[in-house]
Amino acid sequence: MRCAIISDIHGNYDALERVIVDAMSFGSLDAIWCLGDIVGYGPNPNECVRALQECALEGTPVHAVAGNHDRAATGRISIADFNPDAAAAARWTISTLTAETRVYLDGLPERLDGTTFPILDDFTLVHGTPHDPIWDYMDSHAVAFASLAEIGTPHCLVGHTHRAEYYSLHHSGDNGPLHSSDHRSGHDDDHEPDSMEIALAPFSHGTTVAVDPGIRLVANPGSVGQPRDGLSTASYLLFETTVDGQRSLQSRRVPYNIDDVQRKMREAGLPSRLIARLRHGQ
Ligand code: ZN
């Protein structure tokens, strides 16, 4: 089993295309899991959806959930809560979508998990958090712990923050239910580590994390189309299962032609701050 885990493509077809090429360089993919925000910000929303549809047509199923920008693009949520640049980009995206793209985005569910789709293995897929898949951010140890307590699978995959990182919980018992009273965060250091401590670590290119029994993970692949963790390269995760049953997540960073994307954004009249941030990864 080999699967690319991608998120926050944001209409950046050039980055998505390089990511798919990179993932396929390891061999054929059994699936692509996409954690939402396929559109919004970038200049090629229709091309991004079409690329995912073509992967599926060519034999790589794509399992995708909706992000807030996908919902805004189809009018299911208001852009009133977006900042001015995001709202301007959303209005442009709405005006650009084809009917076919809109139907695809409108059909995306808010969550998927391996209890109903066995190909998703031990993972729950959401854009934000299991508690609020569209809006909430996976931005603290407490939210990560509560998420693991809430889901019906051992592991959770999220996007939305545009930062490649993972929370890990060394759980000495089985993968049974967690209780919020058990939570001890790993970021204050005035206590000894214990079996219920959750830790946060960044993914960097090539970082490989074992998906082992006894460890529960909340992993964020980072953003394909608009990274915000200080690196401008497109970010994703490769999930692999070896024949002897070892499972791992490998972080990948992939260069793409940022100049071309910025030029297309200028031609589309998209906000200059959104154009500039691609170069800085912020
Ligand atoms: Zn996003």
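Whatever order the structure lists ligands and atoms in, that order sets their numbers, starting from 1. Note that the structure is predicted; figures quoted are calculated from it, not measured.
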Query raised in the report: Would you say His10 reaches the Zn ion (ligand 1) with an N/O/S atom under 2.8 Å?
Result: yes
Query raised in the report: Should the heavy atoms of other residues, nucleotides or ligands under 6.0 Å from NE2 of His205 be counted, would the total exceed 12?
Result: yes
Report task. Using a strict 4.0 Å threshold on nitrogen-to-oxygen distance, state whether Asp121 and Arg247 make a salt bridge. Result -> yes
**Report entry** Closest heavy-atom pair and its distance - Ala144, Tyr167
**Finding:** CB-CG, 3.5 Å
Report task. Taking the Zn ion (ligand 1) as the reference point, name the nearest N/O/S atom of Asp8. Result -> OD1
**Report entry** Closest Asp37 atom to the Zn ion (ligand 1) [N, O or S only]
**Finding:** OD2
Query raised in the report: Does Asp229 come within less than 4.0 Å of Arg253, counting only side-chain N to carboxylate O?
Result: yes
Report task. Check whether any N, O or S atom of His162, backbone or side chain, sits closer than 2.8 Å to the Zn ion (ligand 1). Result -> yes
